[in-house]
Every structure is written in C-alpha cells, then in structure tokens.
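Below is one structure, written out as structure tokens; comments come after it.
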Amino acid sequence: MYLAVSSPAPGVVELTALDADGAVATRERIPEAELPVRAAALEAGHPRWVWADTTRWYPALLAAGTRVERCVDLRMCRLLLRNAAAARDTELARAPRDRWDEPRAVAAASDTLFELDAPVPDDDPVAELLFQRAVIAASATPGRLALLTAADSVGALVAVELEHAGLPWDAVRHDRILTELLGERMPGARPAHMERLVGEIRAALDDPDVNPDSAPTLLKSLQRAGLRVSSTSRWELKGVDHPVVAPLLAYKKLARLYTANGWAWLGEWVHGGRFRPVYVPAGVVTGRWASDGGGALQLPQQVRGAVVSDPGWKLVVADAAQLEPRVLAAMSGDAAMARAGRAHDMYQGMVDAGAVETRSQAKYGMLGAIYGGTTGESGRMRPRIERAFPRAMAFVEAAARAGEAGDVVSTWLGRTSPPGRDAAYDETRSDDERARARSDGRAWGRFTRNFVVQGTAAEWALCWMGALRRMLWELGGGDADPCPLTARPHLVFFLHDELIVHAPAGLADAVADALRASAAEAGRILFGDAPVEFPLTVAIVDSYADAK
DNA sequence: ACCGTCGGCGCC
DNA sequence: AAAGGGCGCCGACGGT
C-alpha cells in the first residue's frame with residue numbers, strides 16, 4: 001500500500017511498508033546503493049511511495065530503469081495543507097512550523113563549514129504521512145484535498161520524468177535558425193545582423209556611441225532626437241514615426257533571441273540531442289509550475305523548429321483550447337458559458353450565442369474578466385460579458401472582493417492564496433497614502449480574481465498529465481513489458497495547458513486518442529458531470545514548429 | 001568583485 | 001489597439 005523511504009544515516013535507506021490502515025507491516029534498512037535494484041522489485045507490488053522530496057529519490061530510480069506509478073511528496077503536500085483554508089480547523093493549523101515546512105535543502109556541495117557538521121538524519125516520513133492523512137480527514141473538504149495532494153505528487157513524478165527524458169533538440173537546426181536570423185557569429189562582437197542594425201540605429205539617432213542594450217542612455221538619445229517617449233519599450237515605440245523605430249524594434253527582437261536562446265543557451269542546456277530544463281512543480285503560488293534554469297516555460301516560437309523527434313518517432317503536440325474560460329464556466333456553474341464552450345472554439349461559440357460580435361471581442365472580454373482588466377477593449381466588453389455570463393462574472397467578482405477585503409481565496413481543490421497585507425488602510429494619514437492603499441487593494445483583488453481561475457486550470461492540467469501518464473504507460477506495454485520509460489511513448493514537455501509526447505510513429509494516433517481521453521477524464525475528476533468540455537488541438541508532427 | 005533591483009520581453 | 005494575472009531570464013546599473 002504505502003512504502004516510505006528515508007535516509008536515517010548517510011548511505012543507508014530505511015524502507016517501511018504500511019498496510020491500508022497505516023500500521024507498519026515491515027521495516028528494513030539497506031545500503032542506499034542497493035535501492036534502485038530493490039525498487040524495481042518493490043514497484044511490482046504497486047505501492048504508493050512516500051518520501052520527503054521526489055527530487056531526492058526519484059532521479060536515481062529512473063536512471064536505473066525503474067518508473068514509479070504513484071507517490072506522496074510529503075514536503076509539497078505539507079506546504080499546501082499548511083496554507084489551505086479548508087484545513088484551518090485541523091491540528092496542523094495549531095501545530096508550530098517544523099522542518100517539514102522548510103523548503104527542500106539543497107546539497108551544500110562545496111561548503112566545508114556544513115560538511116563538518118554531523119549529518120542530520122531524515123525526519124520520519126511515516127509519522128508525517130499519518131499526520132497529513134489525519135489533517136486531510138479532519139479538514140472541511142477531505143475529498144478535494146486528498147485529490148489535490150495526489151495531483152501535486154503526480155506532478156512531482158512527471159517533472160522528474162520530463163528531466164530524465166529531455167525534450168528532443170536538434171542543435172544543428174538551432175544553429176541554422178540562429179545564423180539565419182542573427183547573422184554570422186562574430187568573435188568579440190554582436191552577430192552580423194545585429195551589428196548592422198546597431199549601425200542603422202546610431203545613424204538614425206546621429207549618436208555614434210549609443211548602446212541599444214542600455215535603456216537609460218538609449219532613452220536619452222531617443223529624446224534628444226526628438227522622439228516623445230517615456231520609455232524604450234516596444235509598445236511605446238510602435239506608435240512613433242521616426243527612422244530609428246524600425247531598426248530598433250528589429251534589434252530588440254534579435255537581441256532577445258541572442259541573449260535568451262542563442263548559442264550560449266544552446267551550449268549550456270542542450271546535450272546529447274536533448275534539452276533538459278529544471279521544472280519546479282507548484283513553484284508558482286497558484287500551483288502552476290515554475291522553472292529554475294533553462295527557461296523551459298518561455299521557449300520562444302522562433303526556436304521551436306529545433307525541437308525535432310527522433311527518426312521513426314513523432315511529436316504529438318496537444319494544447320487545451322481556451323482552458324481558463326472553460327475552467328471558469330465549470331467552477332461557477334455558468335450554463336450559458338458552458339454552452340458557448342460546446343464549440344471547439346469557445347470564443348466563436350460566444351459570438352454564435354450573440355454575446356459579442358467578434359471573436360476578438362470575446363477573447364479580450366474573457367481575458368479582462370479573468371485578469372480584471374478595466375480599460376481598452378476588455379473594459380468595453382465587460383458589461384456584455386456580464387449580461388451574457390452573469391454567474392461566471394459574479395464568481396470572479398466575488399474572488400476580487402475577497403482579496404480587496406483582505407480575505408484569502410481558494411482554488412476548486414483547495415489551494416489557498418497567500419494572505420493579503422494587513423488592511424489597516426483607514427489609519428494611513430495622507431491622501432497619497434490612502435490612494436496608494438486603495439490602488440494596492442485593487443491590485444490584490446486582481447490577483448485573487450485570477451488566482452482562483454489560474455490555480456484551478458493548473459489543477460486540471462495536473463489531472464490531465466496524471467491520467468495521460470497512466471495511459472501512455474499502458475500503450476507502451478504496461479508492467480508486463482520491461483522496456484524503460486523512454487523506449488515507450490512518453491511526455492517530453494509541459495507548458496501550463498500544453499503537452500508534448502514523444503512516441504514511436506506507429507503509436508502516434510493512439511497517443512492522440514489518449515491525450516483527448518485523458519483531457520476528458522481530467523474534466524470528470526474535477527467537475528464530475530458538469531456540462532463543460534475540454535477540447536484539445538492535437539498535431540502529430542516531426543517538429544514543434546509545425547504544430548500551430 | 002559581488003549582489004539586488006529594474007527595464008524589457010519571452011511564455012501561458 | 002490593449003496594459004488587467006502569473007512567471008524567468010538577460011544586461012545594465014547602482015549599491016556595497
């Protein structure tokens with residue numbers, strides 16, 4: 001049932017099997033070097049592995065060829081339970097913070113001061129597991145919190161598997177893309193096309209020394225040349241008629257590519273035909289993933305042509321269409337919005353329902369509702385969205401008001417927003433301070449408004465991944481087949497509402513079906529029979545660039 | 001030399 | 001056209 005793993009001393013692993021009631025069935029200690037081999041045999045019994053940190057244990061198991069079906073990541077679960085409003089009346093709320101509340105300690109590799117200290121044995125994972133189970137059972141929403149802890153834990157498994165597999169990356173194609181867009185690499189200087197643009201910028205500004213990478217000096221130079229701008233940002237420059245604008249915007253575009261995903265990035269992050277970024281599951285307050293190195297979640301369109309499947313394999317790229325509006329429709333129980341979502345393109349569905357005239361109005365209107373936009377097109381659409389989808393709007397408005405009042409809000413499964421700052425606004429004295437306090441309050445309201453939708457969308461994505469991961473394993477032969485994870489169809493990329501599976505060409509169609517089936521399953525897991533659909537755009541391609 | 005912050009921009 | 005949510009990363013820059 002449960003199989004807890006910890007390290008009571010360096011090089012030693014303690015394995016504790018629990019039965020369904022949480023009673024200890026067996027306990028033994030083995031050398032850590034033997035764990036990968038033992039794990040393969042233990043996994044045959046389909047235990048739920050229990051460990052402090054998935055990143056501490058799972059990489060070595062995967063490297064040895066053992067894929068794990070399920071786990072509890074105790075530290076992730078402690079964090080979300082500690083913050084959860086639904087667990088406010090449990091023992092956890094009264095318990096002082098302890099080491100389970102601390103972020104995972106990273107190895108202090110070269111720090112001799114710490115090496116002199118006696119190594120600290122792991123805290124007992126069995127006690128913490130039983131504690132967390134009791135907290136969930138005593139909470140206001142045990143079913144939802146149990147689901148959320150399971151979802152976060154499966155996300156932790158997927159993140160390690162993504163890093164293990166890596167995203168197939170063709171360094172030669174990447175180099176070709178860079179050379180075509182940026183020009184030849186120049187030792188000690190910018191690439192050729194960028195250098196040429198710098199020349200044009202300097203000529204247009206009549207300023208032979210200006211460095212377009214330095215915003216302050218560039219701004220002064222622009223103003224000296226007569227441009228009425230208050231920043232050097234793209235959207236402000238776009239509205240100005242001056243010969244410097246075109247080369248400067250072109251330069252900015254190339255400079256971004258050069259510094260963020262240029263040759264230096266390629267050399268640092270792509271090895272052996274794979275891009276291996278570092279994912280941080282639930283690294284964002286809303287429960288979204290973050291990344292820590294490699295910039296996996298900001299991979300620009302320009303370089304996606306370098307993502308290429310292996311010979312005989314395909315990339316199956318799936319994108320959830322208008323995920324956040326659909327999640328909002330489901331959470332708020334807005335039947336009219338759910339009906340608009342019957343269309344594969346929900347925004348077109350809103351046009352067809354007569355809520356707005358154009359697709360673009362629908363899109364900006366919905367984004368405004370979810371983000372709290374008040375100006376521009378999204379602000380203008382607000383009354384019409386409100387009339388067409390009153391329950392959805394009331395739902396996000398309530399979240400915004402809660403934030404403004406200093407209350408916390410929670411996602412569908414119960415992830416809870418951080419507390420707002422003390423709302424001692426009335427005691428502030430000057431008009432300026434009161435105005436700033438009001439503005440801060442509204443900003444926090446926009447945050448809580450978005451939190452409930454973005455966070456629930458992240459939960460949907462976790463359920464999608466979890467269900468898909470199981471289906472992919474079965475497609476690859478299931479437990480009966482001893483072949484490792486990366487010899488089967490397997491996940492290679494995750495981007496909030498988008499997944500990429502690397503699959504043998506002959507299984508690509510089946511993978512596409514699995515992606516759709518798992519999306520439907522995610523909807524059922526979260527929202528039961530609510531009439532909200534989660535359609536995908538799926539493409540079977542050789543290169544990521546061909547997916548859209 | 002190092003560190004934190006900021007402007008700017010990539011992604012959703 | 002717009003400017004409202006969440007991030008990470010880069011170079012520049014101002015502080016120590």
Side-chain angles (χ1 to χ4, degrees), chain A residues 190 194 210-219 229-239 248-249 251-262 264-265 268-269 277-304 319-325 327-328 358 360-361 363-382 385 396 399-400 403 409 411 415 417-418 439 442-458 460-461 493-499 544 548:
Chain A
R190 298 178 178 88
M194 289 174 67
V210 69
N211 172 12
D213 295 325
S214 167
T217 58
L218 176 62
L219 180 60
V229 289
S230 59
S231 77
T232 66
S233 72
R234 199 174 71 91
W235 72 266
E236 193 169 353
L237 288 168
K238 269 196 312 197
L248 182 51
L249 292 182
Y251 176 83
K252 281 167 167 281
K253 186 91 182 155
L254 297 189
R256 168 75 193 186
L257 174 63
Y258 177 58
T259 58
N261 295 96
W265 179 92
E268 184 175 356
W269 291 102
V278 179
Y279 292 99
V280 186
V284 178
V285 281
T286 58
R288 268 191 178 180
W289 287 20
S291 63
D292 180 18
L297 306 180
Q298 299 119 253
L299 211 58
Q301 296 288 341
Q302 289 160 309
V303 300
R304 293 186 180 186
D319 178 317
Q322 302 98 33
L323 177 58
E324 293 193 351
V327 161
L328 174 56
T358 67
S360 155
Q361 287 179 345
K363 182 173 177 180
Y364 287 111
M366 275 322 304
L367 290 180
I370 293 169
Y371 293 152
T374 53
T375 60
E377 181 78 328
S378 69
R380 276 195 295 282
M381 287 303 114
R382 188 70 160 270
I385 300 291
V396 290
V409 295
T411 60
R415 198 186 310 272
S417 65
S439 163
R442 280 194 300 270
W444 196 253
R446 286 192 297 273
F447 166 64
T448 52
R449 167 197 295 266
N450 184 251
F451 181 95
V452 294
V453 181
Q454 184 184 117
T456 304
W460 181 90
F493 195 57
F494 171 57
L495 188 52
H496 305 311
D497 60 358
E498 186 174 335
L499 290 172
Y544 190 14
K548 284 203 174 163

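Proteins come first, then strands; the chains are lettered A, B, ... in the order of their sequence lines, and each starts at number 1.
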Scan A:Gly376 against the nucleic acid and name what it touches under 4.0 Å (heavy atoms): base, sugar-phosphate only, or nothing. sugar-phosphate
NZ of A:Lys548 versus P of B:dC12: gap in Å, rounded? 5 Å
Those residues that, when tested against A:Asp292, pass side-chain hydrogen bond (donor to acceptor under 3.5 Å, both in side chains) (two or more places apart): none
Without decimals, in angstroms, what is the distance between A:Arg442 CZ and C:dG5 C1'? 16 Å
If you look at every strand shown and take non-hydrogen atoms under 4.0 Å, does A:Arg304 touch a base, only sugar-phosphate, or nothing? sugar-phosphate
Sugar-phosphate, base or nothing in reach of A:Arg234, heavy atoms under 4.0 Å: sugar-phosphate
Length of the NZ-C1' vector between A:Lys253 and B:dG10, whole Å: 8 Å
Give A:Lys252 one of three labels, base, sugar-phosphate or nothing, depending on what nucleic acid heavy atoms sit under 4.0 Å from its own. sugar-phosphate
At 4.0 Å (heavy atoms only), tell me whether A:Phe451 reaches a base, stays on the sugar-phosphate, or touches nothing. nothing
Atom pairs and distances, side-chain donor-acceptor, residues 363-371 of chain A, under 3.5 Å, sequence neighbours left out:
none

With sequence neighbours left out, the residues meeting side chain to side chain contact (heavy atoms under 4.5 Å, CB included) with A:Gln301 are A:Arg304
Which part of the nucleic acid does A:Trp289 contact within heavy-atom distance under 4.0 Å: base, sugar-phosphate only, or nothing? nothing
Nearest heavy-atom pair of A:Gln298 and A:Ser291: which atoms, and what distance? OE1-OG, 4.0 Å
A:Gln301 CD to B:dC11 C1': how many Å, rounded? 9 Å
Rounded to the Å, how far apart are A:Leu367 CG and C:dA1 P? 17 Å
For the student: nearest non-hydrogen atoms of A:Pro418 and A:Phe451, plus distance: CD-CE1, 4.4 Å
List for me each residue that meets side chain to side chain contact (heavy atoms under 4.5 Å, CB included) alongside A:Thr358, sequence neighbours excluded, and say none if there are none. A:Ser360, A:Gln361
For nucleotides 2-4 of chain B, give me every protein contact, N/O to N/O, under 3.5 Å, one pair per line with atom names.
none

Side-chain N,O (A:Arg288) to OP1/OP2 (C:dC7) below 4.0 Å: no
Heteroatom pairs (N/O) under 3.5 angstrom, protein to nucleotides 8-12 of chain C:
residue : atom : partner  : partner atom : Å
C:dG8   : O4'  : A:Gln298 : OE1          : 2.9
C:dG8   : O4'  : A:Gln298 : NE2          : 3.2
C:dG8   : N2   : A:Arg256 : NH1          : 3.4
C:dG8   : N2   : A:Arg256 : NH2          : 3.2
C:dG8   : N3   : A:Gln298 : NE2          : 3.1
C:dC9   : OP1  : A:Gly293 : N            : 2.5
C:dA12  : O3'  : A:Ser214 : OG           : 3.3

What is the separation between atom NE2 on A:His496 and atom P on C:dG5, rounded to the nearest whole Å? 16 Å
Sequence neighbours excluded, the answer for salt bridge (Lys or Arg N to Asp or Glu O under 4.0 Å) partners of A:Arg256 is none
Under 4.0 Å between any heavy atoms, over every strand shown, what does A:Ser417 touch: base, sugar-phosphate, or nothing? Just pick one. nothing
Rounded interatomic separation in angstrom, taking CG from A:Leu219 and P from B:dC6: 17 Å
Could you work out, with side-chain hydrogen bond (donor to acceptor under 3.5 Å, both in side chains) as the rule, every residue matching A:Glu377, not counting sequence neighbours? A:Arg380
Go through B:dG10, C:dA1, B:dC12 for me and flag the one nearest to the A:Glu377 side chain. C:dA1
Would A:Thr232 and A:Lys252 count as a side-chain contact (heavy atoms from CB on, under 4.5 Å) if you check the C-alpha gap in whole Å, the side-chain angles of each, and the deciding distance to 0.1 Å? CA-CA 10 Å; A:Thr232 66; A:Lys252 281 167 167 281; 3.9 Å; yes
Between OH of A:Tyr251 and P of B:dG7 the distance, given in whole Å, is 19 Å
The side chain of A:Val285 is closest to which nucleotide in this list: B:dG10, C:dC7, B:dC12? C:dC7
Sequence-distant partners of A:Arg382, salt bridge (Lys or Arg N to Asp or Glu O under 4.0 Å), two or more places apart: A:Glu397
